[in-house]
2 protein chains.
Amino acid sequence: MPLYTTDSLKAELNEKGWRLTPQRETILKIFQNLPEGNHLSAEDLFDLLESQGEQISLSTIYRTLKLMARMGILRELELAEGHKHYEINQPYPYHHHHLICVRCNKTIEFKSDAVLKVGTKTSQKEGYHLLDCQLTIHAVCPTCQRSLLPL
Amino acid sequence: MPLYTTDSLKAELNEKGWRLTPQRETILKIFQNLPEGNHLSAEDLFDLLESQGEQISLSTIYRTLKLMARMGILRELELAEGHKHYEINQPYPYHHHHLICVRCNKTIEFKSDAVLKVGTKTSQKEGYHLLDCQLTIHAVCPTCQRSLLPL
DNA sequence: TCAGGATTGTGTATCCTTCTCAATAAAGGC
DNA sequence: GCCTTTATTGAGAAGGATACACAATCCTGA
Ligand SMILES: [Mn+2]
Ligand SMILES: [Mn+2]
Ligand SMILES: [Zn+2]
Ligand SMILES: [Zn+2]
């Protein structure tokens, strides 16, 4: 999971016969400059771009998010029901995991060298090329434990 | 993450003013008897029940899967694009994780006391009530690394 | 500069999941 | 057991995130 620059992104795309487009470059930059702890859905990204004057179609956004996740540049997260969230995939020691309340979706990030090591070794042992390794803890936060709401 | 019986399921449901129905009991038994390594989607479960002469509506299946996941009885897994898979949520030492090829969805299960410990301690430390803790490794399997297919 | 082919944008299609609501049937008190 | 309350079910319709089709665009390498 290297850190990507415009150049290294172009290089990796071209190597496979693909192309670096302004849209892809823009989207990469958005995620690179996103403060840690922020996670964007496709719509979030669309709105964020619009608010910055950039205009990228939803189709392209969906295609780019999936492409970059498949390349290991972005991580695809299941932080809420019904839609995915994305964040930049950072290497050690910035790599982190998520503790999620299944009721209110409050999310806490935490790091663990031990878990990253397990992920690295397991994929290595099986001959898999590692893209992303994420520990997801589903739980009920203190606030929601007290609430009497159903489910 | 205790092991559930019909009685303990009924007790936990009733405690919250909910009810044990034949449908819920049937679905729990399906997952309890599912061989390790098997994961069912909603449709899989619907078809499996039908093949056994049982008839439970898709609506009820979706509701029950979500309910049991929220209770910590089932684990909700993202093993493929577009739909979720479920399996029984087993405690130590049966608890396990998944290594998934993002190209062909081939899945390998593996165990890790270290990861389970991180999950337990992290949720404890934050005061969260733990439901499920799963390390998901996204990677490319040896076969798909060799293939020249796009993406 | 140019040709070839990957990529984009728009509109449309797909399909997993949730919703609505009348009918049914658990739970608990008697 | 019987009854009341109300959670749950089933059938169909609706919703909504994501994928698709295709003509127009524009990267890339020669
Ligand atoms: Mn994060
Ligand atoms: Mn499994
Ligand atoms: Zn919460
Ligand atoms: Zn594969």
Side-chain angles (χ1 to χ4, degrees), chain A residues 6-28 39-47 49-50 54-71 74 76-86 102 105 148-151, chain B residues 6-28 39-47 49-50 54-71 74 76-86 102 105 148-151:
Chain A
T6 295
D7 283 345
S8 70
L9 174 62
K10 176 167 161 52
E12 189 163 333
L13 286 168
N14 290 348
E15 186 191 349
K16 290 171 179 151
W18 304 337
R19 295 171 183 176
L20 178 65
T21 63
Q23 291 88 342
R24 287 175 179 171
E25 192 177 341
T26 297
I27 289 174
L28 175 63
H39 308 101
L40 300 181
S41 68
E43 288 257 352
D44 291 339
L45 178 55
F46 181 81
D47 294 342
L49 286 165
E50 197 171 44
E54 308 267 357
Q55 192 88 18
I56 300 183
S57 75
L58 255 184
S59 279
T60 296
I61 286 180
Y62 275 107
R63 281 185 293 234
T64 304
L65 290 174
K66 172 167 282 189
L67 174 72
M68 291 187 173
R70 293 291 186 94
M71 293 175 72
L74 297 180
E76 208 168 54
L77 308 173
E78 302 288 336
L79 302 180
E81 299 273 309
H83 60 278
K84 299 185 175 102
H85 283 90
Y86 294 82
V102 299
N105 289 334
L148 295 174
L149 294 173
L151 248 177
Chain B
T6 296
D7 284 344
S8 70
L9 174 61
K10 176 168 160 52
E12 189 161 334
L13 287 169
N14 290 347
E15 184 191 349
K16 289 171 182 153
W18 303 338
R19 297 170 183 176
L20 178 64
T21 63
Q23 290 88 340
R24 288 174 177 171
E25 191 178 341
T26 298
I27 290 174
L28 176 62
H39 309 100
L40 300 180
S41 68
E43 288 256 353
D44 291 339
L45 178 54
F46 181 82
D47 294 342
L49 285 165
E50 196 172 45
E54 309 265 358
Q55 193 87 17
I56 300 183
S57 75
L58 255 185
S59 282
T60 296
I61 286 178
Y62 275 106
R63 281 186 294 235
T64 304
L65 289 174
K66 172 167 282 190
L67 175 72
M68 291 187 173
R70 292 289 186 95
M71 295 174 70
L74 298 181
E76 209 167 54
L77 308 172
E78 303 288 336
L79 302 180
E81 299 274 309
H83 60 280
K84 299 184 176 103
H85 284 90
Y86 295 83
V102 299
N105 290 333
L148 295 177
L149 294 174
L151 249 176

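Numbered from 1 within each chain, the chains take letters A, B, ... in sequence-line order.
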Practice item. Find the distance between NZ (B:K84) and OH (B:Y62) and round it off to the nearest 0.5 Å. Key: 9.0 Å

Check your understanding: Looking at DNA chain D, which of residues 78-86 of chain B put a heavy atom within less than 4.0 Å of it?
Key -> B:E81

Review point. Taking side chain as C-beta onward, heavy atoms only, is A:E50 less than 4.5 Å from A:E54?
Key: no

Practice item. Measure the CG-OG distance between A:D47 and A:S41 for me, rounded to the nearest 0.5 Å. Key: 7.5 Å

Which atom pairs, donor and acceptor, lie under 3.5 Å between side-chain atoms of residues 63-70 of chain B and protein residues at least two apart or in another chain?
residue	atom	partner	partner atom	Å
B:R63	NH2	B:T60	OG1	3.4
B:T64	OG1	B:T60	O	2.7
B:K66	NZ	A:E81	OE1	3.0

Check your understanding: When you list every nucleotide of DNA chain C with an atom under 4.0 Å from a heavy atom of chain B, which one comes first 5' to 3', and which comes last?
Key -> C:dC16 to C:dA27

Review point. What pattern of brackets, bars and dots sums up DNA chain C from 5' to 3', given Watson-Crick or G-U wobble pairs under 3.5 Å, [ ] for crossing pairs and | for another strand?
Key: ||||||||||||||||||||||||||||||

Review point. CD1 of B:I61 to CD1 of B:I56: how many Å apart, nearest 0.5 Å?
Key: 6.0 Å

Review point. For A:Y62 and D:dA19, is the shortest distance between a side-chain N/O and OP1 or OP2 below 4.0 Å?
Key: no

Point to revise | Inter-residue atom distance A:L74.CG - A:L40.CG, 0.5 Å rounding | key: 9.5 Å

Study note, to complete from the structure: To the nearest 0.5 Å, atom CG of B:L79 lies from atom CG of B:N105 at 8.0 Å

Revision key, fill the gap. CD of A:E43 to NE2 of A:H83, rounded to nearest 0.5 Å, is 9.0 Å

Study note, to complete from the structure: Whole-Å distance, A:K16 NZ to D:dG29 P, equals 15 Å

Review point. When the distance from CZ of A:F46 to P of D:dA17 is rounded to whole Å, what number comes out?
Key: 13 Å

Point to revise | Length of the line joining A:L40:CG and D:dT18:P, which is rounded to integer Å | key: 13 Å

Practice item. Determine whether A:E76 and A:Y86 make a side-chain contact, defined as any pair of heavy atoms from C-beta on separated by less than 4.5 Å. Key: yes

Review point. Considering only heavy atoms from C-beta outward, does the side chain of B:L9 approach that of B:E25 to under 4.5 Å?
Key: no

Practice item. Determine, for nucleotides 5-15 of chain D in 5'-to-3' order, which nucleotides have protein heavy atoms under 4.0 Å from the base (write B), from only the sugar-phosphate (write S), or from neither (write -). Key: BBBSBBBB---

Check your understanding: What do the steps show when you test B:I27 against B:R24 for side-chain contact (heavy atoms from CB on, under 4.5 Å), and what is the final call?
Key -> CA-CA 5 Å; B:I27 290 174; B:R24 288 174 177 171; 5.9 Å; no

Check your understanding: side chain to side chain donor-acceptor pair (under 3.5 Å) with A:H85: which residues, sequence neighbours excluded?
Key -> none

